[in-house]
Protein chains: 2
Amino acid sequence: MTSVLIVDDDRQLLRALRVNLTARDYQVLLAPDGATGLALAGRHRPDLVIVDLGLPDMDGVEVVAGIRGWSSVPVIVLSARHTEQAKVNALDAGADDYVTKPFGIEELLARIRAALRRAVAGGNEPVVRTETLTIDLAAKRVERDGATVRLTPTEWHLLEVLVRHAGKLVTHRQLLREVWGPACETEVNYLRVYLAQLRGKLETDPAHPRHLVTEPGMGYRFEP
Amino acid sequence: MTSVLIVDDDRQLLRALRVNLTARDYQVLLAPDGATGLALAGRHRPDLVIVDLGLPDMDGVEVVAGIRGWSSVPVIVLSARHTEQAKVNALDAGADDYVTKPFGIEELLARIRAALRRAVAGGNEPVVRTETLTIDLAAKRVERDGATVRLTPTEWHLLEVLVRHAGKLVTHRQLLREVWGPACETEVNYLRVYLAQLRGKLETDPAHPRHLVTEPGMGYRFEP
DNA sequence: GGGTGGCATCAAGAACACGTCAAGAACCGC
DNA sequence: GCGGTTCTTGACGTGTTCTTGATGCCACCC
């Protein structure tokens, strides 16, 4: 189910949004302030985020920037500010859309659909193949020499990030942010442990990996 | 260069957009009506399309739908219609954004940047080539005569700074600050050691470097 | 011709990063 | 609650990378 995180302190608006979104089969997460919003975003990985600029604890632009630091989830900004500068700031901070209050709920829903449609279209990389491996990102399936391999959720998440950037180096920081959230950016040990597990399951010779390559001091790379 | 197709029949608006977009180094294509717009979109494959809803020959929504039939290029709709239904129709037809007239040019530019950012997310990082070298900044990969060269983090960082300023001289101070931090601005020795290592790995004749050139007393220069 | 400053090269110890293992904690389905 | 899986965390041996100082080369200037 598609999940939407709403960061806003306007109870009335919150309720209206929740009712409308729930009725259309979105899973709704609510955060009354920026700090909670960032924490929820890191923890639950919503498919879309709606941020109000006027939050009690911090500026909505900071929330947008905070999310953009580690995720490319679509972000729609709501605001009562009509000034051009506010819009430019929010959009340049990484927001995908800017809707000024008051707005019609149907318009917001249409903009949500548009943002989600793009996100789905953009992340379209179905199947990656090597001589021994078949990785189906959409189906979340990995085969090695024809046999499906069982991966734990974390193992899969890690592999997914690496495969999405196939051929490119992914830094420790980036991997940790994507898989464990921004709070664990320094836990480089996790990577060692899980890369070892992935190699054990996927590589023909785990001691000399051909696809899950270490770039010492920098990060890891999936080599197709 | 990023190309933008504008489908609109309002001459005054067209001129304003063309001037502003050209000044920001976009290549601008103009179409006065929907049919021309669709033809140009098919022929030139622009990176972004701006469509006015009020066209002389057809509804802008049809243009959007026509483009969406075969392309996922970002589309921004302009319109004087403020009704919610118009917005919903355009967005659901496949538009990425809907801007109501009158609008500020800065806002539109910010929305263009946002749409382009999404579309090319990660796609546009430069690759520098010479006869013997291929340096892919995004993938953090260096090839020499087809074989990938292993670089340590510091070596890569140094090379990256030099390549980012390709052709230009980079001072000792600047390099040290970028790679080792402001505290090491005087440790010129570091540069000698690491330039020697880079030359050993990248230059055909390390004693007479062709690409990693010393500018005595000043700094170093990467010569493409 | 000798001195000087900037540069390249070399080498070695210290510091760091990696893979591996193992054990306890947390979580899940039943 | 209980058994099995998954996640976290710490420790260790090994290999690599960084730092640092010493040495020799060259061009330039006196």
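Below, read A as the first sequence line, B as the second, and so on, with proteins coming before strands; counting in each chain starts at 1. Since this is a predicted model, take the numbers as computed values, not measurements.
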Handout entry: Rounded (10°) bend between the five-pair end axes of the helix from C:dG1-D:dC30 to C:dC30-D:dG1
Key =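 One end's axis against the other's: 40°.
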Which protein N or O atoms sit under 3.5 Å from an N or O of nucleotides 28-30 of chain C?
none

Practice task
For A:H172, report the nucleic acid contact type (base, sugar-phosphate, nothing); a contact means any heavy atom under 4.0 Å.
Solution key: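 A:H172: backbone/sugar contact only, no base atoms under 4.0 Å.
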Is a salt bridge present between [X] and [Y], judged by a nitrogen-to-oxygen distance below 4.0 Å?
X: B:E187; Y: B:R177; value: no
X: A:E155; Y: A:K201; value: yes
X: B:D205; Y: B:R199; value: no

Look at the side chain of [X] and decide which nucleotide, out of [options], has an atom nearest to it.
X: B:T214; options: C:dC7, D:dC18, D:dC7; answer: C:dC7
X: B:V193; options: D:dT6, D:dG21, D:dT9; answer: D:dG21
X: A:Y194; options: C:dA8, C:dC18, D:dC7; answer: D:dC7
X: B:W180; options: D:dG21, D:dT6, D:dT19; answer: D:dT19

Exercise for the section: Mark yes or no for whether B:S71, through its side chain, and B:V73, through its backbone, hold a donor-acceptor pair below 3.5 Å. Expected result: yes
Problem - Test item: A:R141 side-chain N/O and A:D136 main-chain N/O as donor-acceptor pair under 3.5 Å - result: no
Practice task
Run the numbers on B:R117 and A:D96 for salt bridge (Lys or Arg N to Asp or Glu O under 4.0 Å), then give the verdict.
Solution key: CA-CA 9 Å; B:R117 181 191 337 127; A:D96 292 82; 5.3 Å; no
Problem - Over 12 foreign heavy atoms within 6.0 Å of CE, A:M58 - result: yes
Exercise for the section: Check the surroundings of atom CZ in B:R68: do more than 12 heavy atoms from other residues, nucleotides or ligands lie under 6.0 Å from it? Expected result: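 Buried by this count: over 12 neighbours within 6.0 Å.
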Practice task
Could you pull out all residues at least two apart from B:R192 that satisfy side-chain hydrogen bond (donor to acceptor under 3.5 Å, both in side chains)?
Solution key: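 Result, side-chain hydrogen bond (donor to acceptor under 3.5 Å, both in side chains) vs B:R192: B:N189.
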OP1, OP2 of [N] versus side-chain N and O of [X]: anything below 4.0 Å?
X: B:T152; N: D:dC18; result: yes
X: B:R192; N: D:dT19; result: no
X: A:Y220; N: C:dA17; result: no

